[in-house]
Amino acid sequence: MNAPALPARILCISLTPIERDARVLRQISLLAELGEVTSIGFGATPAGAAYHLRVPDGLATLPQTPAGVAKLALRAHRAAECGAPAARWVLEVGRDSLAAPATGWDLVVANDARVLDLAFALADGAPVWADMHEWAPEERTHIASWRLLVAPFMVHLCDTYLPRAALVTTVSEGIVELYRDRFGVDAQLMTNAGPFRDIEARDHEGSEIVRCVHSGAAISGRGLESMIRAFLELPERFTLDLYLVSAGDGGEHLRQLQALAAGDPRITFNDPVRPHELPNTLASYDLGVFWIPPTHTNARLTLPNKFFDYVQARLGLAIGPSEEMVRELQAYRLGVVSDTFEVADLVRSIESIDSAQLAEFKRAAERAARPLSFEAQSAPVRARVSELLHG
C-alpha cells in the first residue's frame, strides 16, 4: 500500500507585516491551495500559512548598516547581498527555527526585489517565484539617497536573479513590458485584484448626495492634497470619506491632510479597515476616487488594490489619466477620467455626475466584478505554480 503523498512545501518571503499586506495575503491563499506554506515576514502568522518565521520588528530590509552603505556606495553589490539586517537575522538566527524539510523546499516565493538574494540563498536549487509587485529600480527614486545608493543595487538584484527565476510576476501590463525590455524576462501579469465579492450595489435613486470614498496609505506624492482641495471646491452635494493608513512617518502626512481639510464637515477621516473587510465597508458609497500624478514610473503605471476594491464594492470610479487604470476603466465603462491632475480638472470630471450615471457605473462594476476578481486574474499564474510543483 502506497503512503499518501506529502503536500508540496512552499516558502513565502515578504519582509512586510504580511497580515496587513493584501497582495501577499492573496498570494498565500493561492499557495495554500497547492501545498503547505511557511511564511517569513514581520508581524503575526498570516492567514493561510501553516508556519511562520516572525522577523523582529524594526530590522531594516536593505543594507543600511555602515558597512552595507559603504558597499552600496562602492557598487560592491555582490558583497552587499543578504546584508540587510532582516535578511542576516533570517540566515543567522531564524533559519535554525525555520524547520526546513529535510528534502528541501518545493517552491520559494520572493516578494519584491529586495528579497531575491535571500530567496535564492534559502531555495538551495528549488524553483523561485519572483513576485516583483511594481517596478523595482524606481521604487523610491523621489528620495535622493535611495536613487543614488539603492536603485543600482535593485538593478543588480534583478539582473542577477530574475533570469534564474522559474516565474516572474508583476502588477500591470506596462510594468510587464519594462521587465521584459530591461531584464529580458518574460514576466506574467498578476494584478492586484481582490477576491470576488457578492455585494449588492447601493441604490442611489432619489438621493442628491454623492458619497465618495478613498482608501489607501497616507503617503506624500499620491495626490491626496489635490483630492481634498477638489472636494473643498465641489458642490455641497459631494462628500468624501477617507480610510487612510499612516505609512512610516508617524502619522505626519495624515495630520497635514486633516489640517488641509480644515474641519469641512463633508470630509471625514475614518479609521483604517483590514483588507478583507474593505469591499463591504466601501459598498455603502457611490464613487471611489483616486487621482495619483505620474511623478515616477510606478505612479504612472499604477493599477492598485483600491481600483479592484472599488469594483468589488460595486462603485463607480473617478480617476486621473493614469494609463493602466484608464485601460481597465474604459474597457468596462466603470466611471470618469479627468483630463489632467490639476484640481480644476478633478472638479470638472465629477461635478455634473447624476443619479443615472452613477447607476450605470454601478451596473458596469457588477458586470466587471468576476473578470476583475483575483480568481480570474490569477488563474494563469496559479496554473504555472501548479506546474512547477506537480509537473
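Note that the structure is predicted; figures quoted are calculated from it, not measured.
The closest side-chain heavy-atom distance from L260 to E225 is below 4.5 Å. Taking the side chain as every heavy atom from C-beta outward, T38 and L53 never approach each other to under 4.5 Å. In this structure the side chain of I18 never reaches within 4.5 angstrom of the side chain of N111, judged on heavy atoms. Residues L242 and M227 form a side-chain contact, since some pair of their non-hydrogen atoms from C-beta on lies under 4.5 Å apart. Counting only heavy atoms from C-beta outward, the side chains of P321 and F341 approach each other to under 4.5 Å. Between P275 and R20 the shortest side-chain heavy-atom distance does not fall below 4.5 Å. With contacts defined as side-chain heavy-atom distances shorter than 4.5 Å, the pair L282/Y310 qualifies. M325 is not listed as a side-chain neighbour of S172, based on a closest heavy-atom distance of 4.5 Å or more.
Scored by the side-chain contact (heavy atoms from CB on, under 4.5 Å) test, N270 finds D241, Y243, T268, Y285 as partners (sequence neighbours excluded).
Remark: side-chain polar atoms of R222 are not paired, donor with acceptor, to backbone N or O of I292 under 3.5 angstrom. Between the side chain of T65 and the backbone N or O of G68 there is at least one donor-acceptor pair closer than 3.5 Å. No side-chain donor-acceptor contact under 3.5 Å links D106 to the backbone of I10. In this structure, the side chain of D117 engages the main chain of C82 through a donor-acceptor pair within 3.5 Å. Q312 places a side-chain N or O within donor-acceptor distance of the main-chain N or O of A369, the cut-off being under 3.5 Å. Listed for the S29 side chain is a donor-acceptor partner under 3.5 Å among the backbone atoms of R26. Looking only at distances, a side-chain donor or acceptor of R237 sits under 3.5 Å from a matching main-chain atom of E351. Checking side-chain atoms of S373 against main-chain N and O of R370 turns up a donor-acceptor pair under 3.5 Å.
E324 approaches L303 most closely through the heavy-atom pair O-CD1, 3.9 Å. Between A130 and L162, the closest heavy-atom pair is CB-CD2, 3.8 Å. The shortest non-hydrogen separation linking L254 to S246 is CD2-OG, 3.7 Å. Considering every non-hydrogen atom in both I28 and C12, the closest pair reads CG1-SG, 4.0 Å. Between P380 and A376, the closest heavy-atom pair is CD-O, 4.1 Å. The minimum heavy-atom distance linking A193 with Q377 is given by the pair CB-CG, 3.7 Å.
Interatomic distance, CG of L244 versus CG of L224, reported as 6.0 Å (0.5 Å rounding). Distance check: Q357 CD to K362 NZ gives 13.0 Å after rounding to the nearest 0.5 Å. Here I209 contributes atom CD1 and S355 contributes atom OG; the two are 10.5 Å apart, rounded to the nearest 0.5 Å. We find the CG-NE2 distance between L25 and H276 to be 9.5 Å, quoted to the nearest 0.5 Å. Separating the CH2 atom in W129 from the CG atom in L107 is a distance of 8.0 Å, to the nearest 0.5 Å.
Within 6.0 Å of the CZ atom in R274, the count of heavy atoms belonging to other residues, nucleotides or ligands does not exceed 12. With a 6.0 Å radius and a threshold of 12 heavy atoms from other residues, nucleotides or ligands, E342 has its CD atom at or below the threshold. The environment of CZ in R75 is crowded: more than 12 heavy-atom neighbours from other residues, nucleotides or ligands sit within 6.0 Å. Heavy-atom neighbours of R197 CZ from other residues, nucleotides or ligands within 6.0 Å: above the threshold of 12. Taking a 6.0 Å sphere around CZ of R180, one finds it holds more than 12 heavy atoms contributed by other residues, nucleotides or ligands. Residue D124 qualifies as open at atom CG: its count of foreign heavy atoms under 6.0 Å is 12 or below.
With respect to the salt-bridge test (charged N to carboxylate O, under 4.0 angstrom), the residues R327 and E173 do not qualify. Salt bridge present: R348 and D345 bring a charged side-chain N and a carboxylate O closer than 4.0 Å. Electrostatic pairing of R211 and D286 does not count as a salt bridge here, judged by no charged N lying under 4.0 Å from a carboxylate O. Salt-bridge formation is not detected for the pair R314/E200: no Lys NZ or Arg NE/NH1/NH2 atom is positioned less than 4.0 Å from an Asp or Glu carboxylate oxygen. In this structure, E360 pairs ionically with R367, as a charged nitrogen and a carboxylate oxygen lie closer than 4.0 Å.
Note on ring orientation: taking the six-membered ring where Trp is involved, the planes of Y179 and W135 are perpendicular (angle over 60°, cut-offs 30° and 60°). The aromatic rings of F231 and F238 lie perpendicular to each other, with more than 60° between the two planes, well past the 30° mark.
Pairs of residues two or more places apart, or lying in two chains, never qualify as ring-ring contact (aromatic ring centres under 6.0 Å, His included) while including a residue from residues 363-391. Pairs of residues two or more places apart, or lying in two chains, that qualify as ring-ring contact (aromatic ring centres under 6.0 Å, His included) and include a residue from residues 32-78 are H77-F153, H77-H156.
For the side-chain hydrogen bond (donor to acceptor under 3.5 Å, both in side chains) with E139, the qualifying choice from H133, H296, R114 is R114, the only one to do so.
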Checking salt bridge (charged side-chain N to carboxylate O under 4.0 Å, His left out) for the pair E366/R363: CA distance, chi angles, key distance, verdict? CA-CA 5 Å; E366 177 66 35; R363 284 193 292 271; over 6 Å; no
For E233 and L346, what are the C-alpha separation, side-chain angles and deciding distance, and is it a side-chain contact (heavy atoms from CB on, under 4.5 Å)? CA-CA 10 Å; E233 294 186 16; L346 307 186; over 6 Å; no
